Amino acid sequence: MLIAGWKPFSLVDVVGKVTFTTWACGCNLKCPFCHNWRTAEWQGCVELPVSKFEEELKDASDFVDLLHLTGGEPTLQPKLVTTLSSIAKKVGVPFSLNTNCTTKQSIELIEVADHVATDIKVPYQELYGLNGAFDDLWNTFLKCIEKLASMGKEVELRIPVAKDLTKNYLNEIKRIISMFDPSKVTVVVNPLVTEPLTDPRDKEWCSKYCYKGNMESDEENMWREEIGELGVKVKVKRWLN
Ligand code: SF4
């Protein structure tokens, strides 16, 4: 069970929640905009010190809303997901899983989470960062999403917005969001940004498709209105004020 570390209090990982956030190592995708690519490539990882972790979660438990496991892609290590879910249950903190929903295991492992966060990465042919074999991954994603929508859990759906690309897939994005009970969903519109705000995996790709800061207000309003029409909570992520 390899992790890149944890942070006992975070205000930025799940909208409106204080989380105890842990980063799992490894990922099956190679998203060009990924800023956690070192962790995704198993760099700087340590074995989870189970007792120490449980002790720290216990100490923080009165002040956090969720134990949030992110990555990397946590479902590459099913034992890590089930272990953290058990620790969360024991300590009495709801468990939140951030998964890309493209692994077969993710379809099973969403069951142990009280809250799930996932990205709608479109166009997946560009955003998955893989040469081919992405259609199968997208089909797995859709299966995972269908199951998640039928489970009635609290969900955070994130839309990583690549400049001039993602908005062309608005109908598909809206079709996916509308599968969920609107009262259970928060949608986060997340403009992909490049250096110096982040350190993306593929700087050349990002120089074409990432923002230098916030979106123009017209574009922000377009996303708010289009997604807001579905009756869900919408937050557009802002990087600079
Ligand atoms: S799924 Fe997440 S962790 Fe994996 S490469 Fe993409 S952005 Fe990075």
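Fair warning: this is a prediction, and the values are worked out from it, not measured in the lab. FYI, the numbering just counts along the sequence from 1. One-based numbering, in listed order, for ligands and for the atoms of each.
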(message) Taking 4.0 angstrom as the limit and counting only heavy atoms of Asn100, give me the atoms of ligand 1 inside it, by number and element.
(response) 1 (S)
(request) Distance to 0.1 Å, residue and atom name: give those for the protein heavy atom nearest to atom 2 (Fe) of ligand 1. (result) Lys121 NZ, 4.2 Å
(request) Indicate, as side chain, backbone, both or neither, the part of Arg201 found under 4.0 angstrom from ligand 1 when only non-hydrogen atoms are considered. (result) side chain
(request) Write out the residue and atom name of the closest protein heavy atom to atom 3 (S) of ligand 1, then the distance separating them to 0.1 Å. (result) Gly72 N, 3.4 Å
(request) Tell me, with the steps shown, if Leu170 and Met222 meet side chain to side chain contact (heavy atoms under 4.5 Å, CB included). (result) CA-CA 11 Å; Leu170 194 52; Met222 182 282 286; 3.9 Å; yes
(request) Decide, based on the SG atoms alone, whether Cys25 and Cys45 are under 2.5 Å apart. (result) yes
(message) Under 4.5 Å between side-chain heavy atoms, counting indirect links through other Ile/Leu/Val/Met/Phe/Trp/Tyr residues: same cluster for Trp23 and Trp42 or not?
(response) no
(request) Output yes if Cys34 passes the N/O/S-under-2.8 Å test against atom 6 (Fe) of ligand 1; output no otherwise. (result) no
(message) Tell me which one of Asn98, Asn28, Thr39, Thr99 satisfies side chain to side chain donor-acceptor pair (under 3.5 Å) with Glu73.
(response) Thr99
(request) Assess Leu29 for proximity to ligand 1: is some non-hydrogen atom of it under 4.0 Å away? (result) yes
(message) Less than 4.0 angstrom from a charged side-chain N to a carboxylate O is my criterion; do Arg38 and Asp199 meet it?
(response) yes
(request) Identify the protein heavy atom lying closest to atom 6 (Fe) of ligand 1, giving its residue, its atom name and the separation to 0.1 Å. (result) Cys31 SG, 2.3 Å
(message) Any donor-acceptor pair under 3.5 Å linking the side-chain atoms of Tyr124 with those of Glu172?
(response) no
(message) Checking a contact table here: which protein heavy atom is nearest atom 4 (Fe) of ligand 1, and how many Å away?
(response) Cys27 SG, 2.3 Å
